[in-house]
Amino acid sequence: MQVWKFGGTSVGKPERMHSIRNLITSDDQQKIIVLSALSGTTNALLSIGESLKSDQPGEAAEKIEHLKAHYDSFVRDLYKTSEGLTKGQKIIENEFSFIRSLTRIKPFTLKQEKELVAEGELLSTQIFQAYLEELEHDSILLPALEFMRIDADGEPELDYTERKLRELLRAHGDKKIIVTQGFICRNPRGEVDNLKRGGSDYTASLIGGAIRADEIQIWTDIDGMHNNDPRIVKKTFPIRALTFEEAAELAYFGAKILHPSTITPAKMFGVPVRLKNTMDPTAEGTLIANKTSDQVFKAIAAKDSITALYIHSLRMLNAYGFLRRIFEVFEKYKTPVDLIATSEVSVSVTIDKTDNLTELMAELRTFCELEEPDYDQAIICIVGNFSADQAGIALQVLKAMEGIPIRMISYGGTEHNISLLVHGSYKAEALNALNEGLFELKEA
Ligand code: ADP
Ligand code: ASP
Ligand code: MG
């Protein structure tokens, strides 16, 4: 079996739904189809949530009706028969009456916000399943809320998913097309929750791992992973092959085409991930598996909103156990550290989770001196084959970065990553300079 995931733009227009139906039914292979919300819907739902949080029910109601009008016109263009249209309209009435009911709950809490934001995937999958039914395809909708669950730390419970999915597939596994929601799940309290923004990719990979799929395909609006961020750099090109490790680094360090955790379950079970373009299905895309090519520099990504902490030991030289004590504090506050630079008496680290920053810093101050943190930093991550025997790699990177101040450098953690920390305002300049220096791609 294969797992195919379609993102927001791939389902965002009726004609796109028509094309993905053609894609998924073009062969006889059984597939699990994971869908995101229609493009723009998750943001619209979050904006309705913002109005409700700030106690503006009138404003929320206006936004709800505006969104509903979009769905009304969407189904009018999607279905071919009046039965299909009636089914589609009923789905919209049901879901929007639930959305309206949320506006009456006071106070509007995080629990309601999560129920609200889940509506995007609940709408898209029901609308699509009704469309497949209209065309008499052998399909079924399996509710993700019955098999996707996160633990108290927000981590997916893969064993649970595997067990539940196996039960569901035993009951419905004869269907050719199995549709389900990306992004949404339950938490340990049984409430509706989610895998964070862009989480449908992660759902697809978790399902792919759980059922040991032959392949996971992520269908989006671009022809694979590019060598640099196409939102910022004009001249970029698709990469044909990446290893799991290379793709995981790029996703984690900001390549938006993949949710940061997507590669973990796929790698765990050795399931290849193929990135494909819905707008151009014949394009080769990117295959993420165990093979790579031998270019030195493969791709660059950037992660924003990074905070750098500068920590000095009070007892200075030869102090052992210092790093352990520091990292125990990060562990206590469940704060992952991305980059580290050390000297004899100081440690600099970068983090992107800052919800416990005040407490974390207060605790570090009981045994360390802390400088004022640097906020709004960006990590620039360069992925490639950086064998330790090869001379001149760091030189090329630093030469390309000439003129851009660098606050931290991490080289040698693995043979396929070099990371640099710069102030966020230099991010675009750094990505363009590296594109020119490492790939000889000069902006016109
Ligand atoms: P979807 O809605 O299908 O999940 P996303 O918007 O989440 O799509 O991801 C696709 C987008 O990721 C592309 O349109 C592109 O702008 C952006 N992107 C950022 N970095 C890269 C990269 N290195 N390669 C390809 N796309 C990238
Ligand atoms: N709809 C969710 C979002 O916009 C999940 C996803 O698209 O992957 O973040
Ligand atoms: Mg996405």
Side-chain angles (χ1 to χ4, degrees), residues 225-237 239 242-243 245-258 260 263 295-311 330 335-343 346-354 371-388 390-443:
M225 177 75 80
H226 278 221
N227 74 307
N228 206 329
D229 192 328
R231 294 165 302 176
I232 297 172
V233 177
K234 278 201 208 105
K235 285 189 186 158
T236 62
F237 58 87
I239 307 164
L242 286 167
T243 61
E245 289 77 10
E246 290 166 341
E249 295 270 5
L250 290 168
Y252 184 75
F253 286 111
K256 194 200 168 216
I257 187 169
L258 288 176
I263 298 302
Q295 302 116 266
V296 176
F297 295 106
K298 295 196 80 174
I300 307 164
K303 187 171 170 183
D304 290 313
S305 306
I306 299 294
T307 300
L309 298 178
Y310 306 105
I311 308 161
F330 286 96
T335 301
V337 169
D338 287 334
L339 304 191
I340 311 169
T342 61
S343 76
S346 322
V347 185
S348 303
V349 300
T350 69
I351 56 175
D352 76 338
K353 180 176 170 290
T354 49
E371 277 177 39
E372 192 47 35
D374 277 332
Y375 301 101
D376 301 323
Q377 306 294 302
I379 293 175
I380 310 289
C381 164
I382 303 149
V383 163
N385 296 305
F386 309 136
S387 147
Q390 225 171 321
I393 290 172
L395 176 67
Q396 268 195 73
V397 171
L398 295 180
K399 237 170 130 185
M401 290 286 289
E402 194 181 358
I404 302 174
I406 301 172
R407 300 196 175 203
M408 259 169 92
I409 302 178
S410 170
Y411 180 31
T414 71
E415 284 201 341
H416 56 259
N417 175 311
I418 301 174
S419 295
L420 310 168
L421 187 74
V422 300
H423 189 273
S425 57
Y426 287 108
K427 180 177 103 170
E429 201 179 327
L431 290 178
N432 277 291
L434 289 165
N435 215 42
E436 191 179 328
L438 307 183
F439 297 99
E440 288 162 29
L441 293 169
K442 206 174 162 64
E443 294 296 298

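With a 4.5 Å cut-off on side-chain heavy atoms, V397 and F297 count as touching. Side-chain atoms of F439 and N228, non-hydrogen and from C-beta on, never get closer than 4.5 Å to each other. Side-chain contact between N385 and E246 is present, with at least one heavy-atom pair separated by less than 4.5 Å. With contacts defined as side-chain heavy-atom distances shorter than 4.5 Å, the pair V233/H226 does not qualify. L258 is listed as a side-chain neighbour of M225, based on a closest heavy-atom distance under 4.5 Å.
The two atoms that bring I379 and S419 nearest to each other are CG2-CB, 4.1 Å, heavy atoms only. Closest of all the heavy-atom pairs between K298 and I239 is O-CD1, 3.5 Å. Counting all heavy atoms, side chain and backbone alike, A400 lies closest to A433 at O-CB, 3.4 Å. Summarising the geometry of V422 relative to I406, their closest heavy-atom pair is CG1-CA, 4.4 Å, with the distance given to 0.1 Å. Residue I351 comes nearest to P336 through the heavy atom pair CG2-O, 3.5 Å, listed as atom of the first residue, atom of the second, then distance.
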Passes side chain to side chain contact (heavy atoms under 4.5 Å, CB included), F253 versus V383? Steps please.
CA-CA 10 Å; F253 286 111; V383 163; over 6 Å; no
Under the criterion side chain to side chain contact (heavy atoms under 4.5 Å, CB included), I'd like the reasoning laid out for L438 against V296: C-alpha separation, chi angles, the key distance, then a yes or no.
CA-CA 9 Å; L438 307 183; V296 176; over 6 Å; no
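The closest donor-acceptor contact from the side chain of N227 to the backbone of F237 lies under 3.5 Å. Under the 3.5 Å distance criterion, the side-chain polar atoms of D374 are left unmatched by any main-chain donor or acceptor of H423. Between the side chain of Q377 and the main chain of Y375, a donor-acceptor pair closer than 3.5 Å is present. Within the 3.5 Å criterion, the main-chain N or O of A428 finds a donor-acceptor partner in the side chain of N432.
Here L420 contributes atom CG and L339 contributes atom CG; the two are 8.5 Å apart, rounded to the nearest 0.5 Å. Distance NZ/K303 to SG/C381: 10.0 Å, rounded to 0.5 Å. The line from CG of L434 to CD1 of I382 is 5.0 Å long, rounded to the nearest 0.5 Å. The distance from atom CD1 of I300 to atom CD1 of I418, rounded to the nearest 0.5 Å, is 10.5 Å. Here the CD atom belonging to E429 is positioned 10.5 Å from the CD1 atom belonging to I380, to the nearest 0.5 angstrom.
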Donor-acceptor pairs under 3.5 Å, side chain of residues 408-416 to any protein atom, not counting sequence neighbours: which ones?
from : atom 1 : to   : atom 2 : distance (Å)
T414 : OG1    : H416 : N      : 3.0
T414 : OG1    : N417 : N      : 3.3
E415 : OE2    : A388 : N      : 3.4

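Within 6.0 Å of the OH atom in Y426, the count of heavy atoms belonging to other residues, nucleotides or ligands does not exceed 12.
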